[in-house]
Protein chains: 2
Amino acid sequence: MITAAVLLIGDELLSGRTQDLNLNYIANKLVERGIVLQECRVVPDIEEMIVEAVKALSTKNTYVFTTGGIGSTHDDITQASIAKAFDKPLITHSEALKLLEEYYGSHINDTRRRMARAAEGAILHAKMVFQIENVFVMAGIPTVMQGMLEAILPVLNHEDPILSVTVKAYVFENDLADELTTLQATVPDVSIGSYPFDEEGHIKGTNLVARSRDAKKLAIVKDQLQALVDEKMRSF
Amino acid sequence: MITAAVLLIGDELLSGRTQDLNLNYIANKLVERGIVLQECRVVPDIEEMIVEAVKALSTKNTYVFTTGGIGSTHDDITQASIAKAFDKPLITHSEALKLLEEYYGSHINDTRRRMARAAEGAILHAKMVFQIENVFVMAGIPTVMQGMLEAILPVLNHEDPILSVTVKAYVFENDLADELTTLQATVPDVSIGSYPFDEEGHIKGTNLVARSRDAKKLAIVKDQLQALVDEKMRSF
């Protein structure tokens, strides 16, 4: 199983200033490639916390995707922190520096050169995405992050996509709980989730979501879920 | 310093099915009360991962707020996992059971009674929020979660609110980096962040955000940031 973790870096996500949109975007792209997103962490711009998270997540997963903290200002400490997590020196990456010099021309300066820094041994992908060991480093701004992710998706190993089907039911999950437990026990390869939904501020029903890599099994479970809901509706 | 962590529980957040809105909401409410949100984790409905996260976050923070996984279906394992994290048995909380029986009347059944389960010793707050040690357990649906949070905010210890000011500058952060580093060094009590913003898909400038509990210091830094931006604009 190919697994991944996302590490969102930035004070602004924990102060409430910024609503994160990156986790959801990355999650959808990984699902399409059959990569199982196992965990996400959000940490502030504090070296110790970034180091700890990178160590923990990179050990447990095939890939780690970070967002945020790669600009040139004093609070951009992602590259330095990742270098520290892997016990490597922070160096200026010559190929990245060359690209920055070409891009900025005569406007290049030391501040801009800082964006060419990464842990020793870092691999440079398109769109200036650095890869250090199994960690891919992306920007925090959604539009920029999305372009960077697009650039690295082709280099990732992938599996059959994880498919999902949804049965929307105007039935409370309490009234489906026993039947769902029974059904889930008979289909170990399909993961069934139950998500109450609200409309106009009140819980009105339940979305039943089944997920699997096996399209045939999923189609059968969808029919079983629909039958379960239909029967329950008739019984009211 | 009063600190907090948020733990978002649910497969749907990691599969890309659901865009989280709870972290940002909780973050804003905590900032108003001067509680420093240090970290957030998002984990799936897997007991081992919930247990590990609850242990780590509850040890390191004054408070932990969880969302998700408190319904009555097979995938709602939050209460059982928190009980395990604190090495306590999962019991039926008599006061919670009484409330459920009053609410459901003759419609009470074993499935609904499951929602009265929590770790032994759990404290029951208004809106059915359980507190186990320093962990507050809330629903995943935003509207429900918001009501639950409102119910427990009064019981939390709090400090002076963390204030923030923003200076919006149509200047790239590269062009402000050196001056910001210098300014930050002179004001250790104020945290200065630099956030590029985009308009119409392109990065157009930088939001400079200063945060502190000290309104007077913050006002001075705001003026300094504005002066810095004005000077930079004049120099172009």
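In the text below, chain A, chain B and the rest are named by the order of the sequence lines, each starting its count at 1. Here the structure is a predicted model, which means the values were calculated and not measured.
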Residue pairs fulfilling salt bridge (charged side-chain N to carboxylate O under 4.0 Å, His left out) with at least one residue in residues 178-188 of chain A, sequence neighbours excluded: A:E179-A:K232
CD (A:E199) with more than 12 external heavy atoms under 6.0 Å: yes
Closest approach of B:R41 and A:E52, non-hydrogen atoms and distance? NH2-OE2, 4.4 Å
Within a reach of under 6.0 Å around OH of A:Y103, are more than 12 heavy atoms found that belong to other residues, nucleotides or ligands? no
State, with a plain yes or no, whether a side-chain heavy atom of B:D75 is found less than 4.5 Å away from one of A:S194. yes
Does a donor on one side chain and an acceptor on the other come within less than 3.5 Å for A:T111 and B:N174? no
Check whether more than 12 heavy atoms from other residues, nucleotides or ligands sit under 6.0 Å from atom NZ of B:K204, and answer yes or no. yes
Quick one: what part of B:V209 sits under 4.5 Å from any heavy atom of chain A, side chain, backbone, both or neither? side chain
Engaged part of A:L14 at the chain B interface, taking heavy atoms whose separation is under 4.5 Å: both
Is the closest side-chain heavy-atom distance between B:R112 and A:D175 below 4.5 Å? yes
With respect to chain B, which residue among A:F172, A:Y195, A:F197 yields the maximal number of heavy-atom pairs within a distance under 4.5 Å? A:Y195
Looking at B:Q19 and A:D20, would you say the former's side chain and the latter's main chain have a donor-acceptor pair under 3.5 Å? yes
Flag the pair B:V42 / A:L23 as yes when at least one side-chain heavy-atom distance between them is below 4.5 Å, and no otherwise. yes
Shorter than 4.5 Å, heavy atoms on both sides: which option in A:S72, A:A5, A:P44, A:A4 has the most such pairs with chain B? A:S72
Do you know which of A:C40, A:A177, A:P196 has the most heavy-atom pairs under 4.5 Å to chain B? A:C40
Portion of A:S164 that has a non-hydrogen atom of chain B nearer than 4.5 angstrom: neither
Given A:N28, A:V31, A:N24, A:N207, the one that forms side chain to side chain contact (heavy atoms under 4.5 Å, CB included) with B:R17: A:N207
Region of A:L21 in contact with chain B, defined by heavy-atom distances below 4.5 Å: both
What part of A:V144 gets closer than 4.5 Å to chain B, counting heavy atoms only: side chain, backbone, both or neither? side chain
By number, which residues in residues 180-192 of chain B have some heavy atom less than 4.5 Å away from chain A? B:L180, B:T181, B:Q184, B:S191, B:I192
Counting C-beta onward and ignoring hydrogens, is there a side-chain heavy-atom pair between A:T143 and B:H202 closer than 4.5 Å? no
For chain B, which of A:I141, A:V6, A:D76 has the most heavy-atom pairs under 4.5 Å? A:I141
Check ion pair B:E12-A:R211 (N to O, under 4.0 angstrom): no
Output the distance between atom CE (B:M49) and atom NZ (A:K60), rounded to the nearest 0.5 Å. 5.5 Å
Okay, A:D110 and chain B: the region with an atom under 4.5 Å from a heavy atom over there is neither
More than 12 heavy atoms of other residues, nucleotides or ligands under 6.0 Å from CD of B:E48: yes or no? no
Counting heavy atoms not belonging to A:E102, are there more than 12 under 6.0 Å from its CD? yes
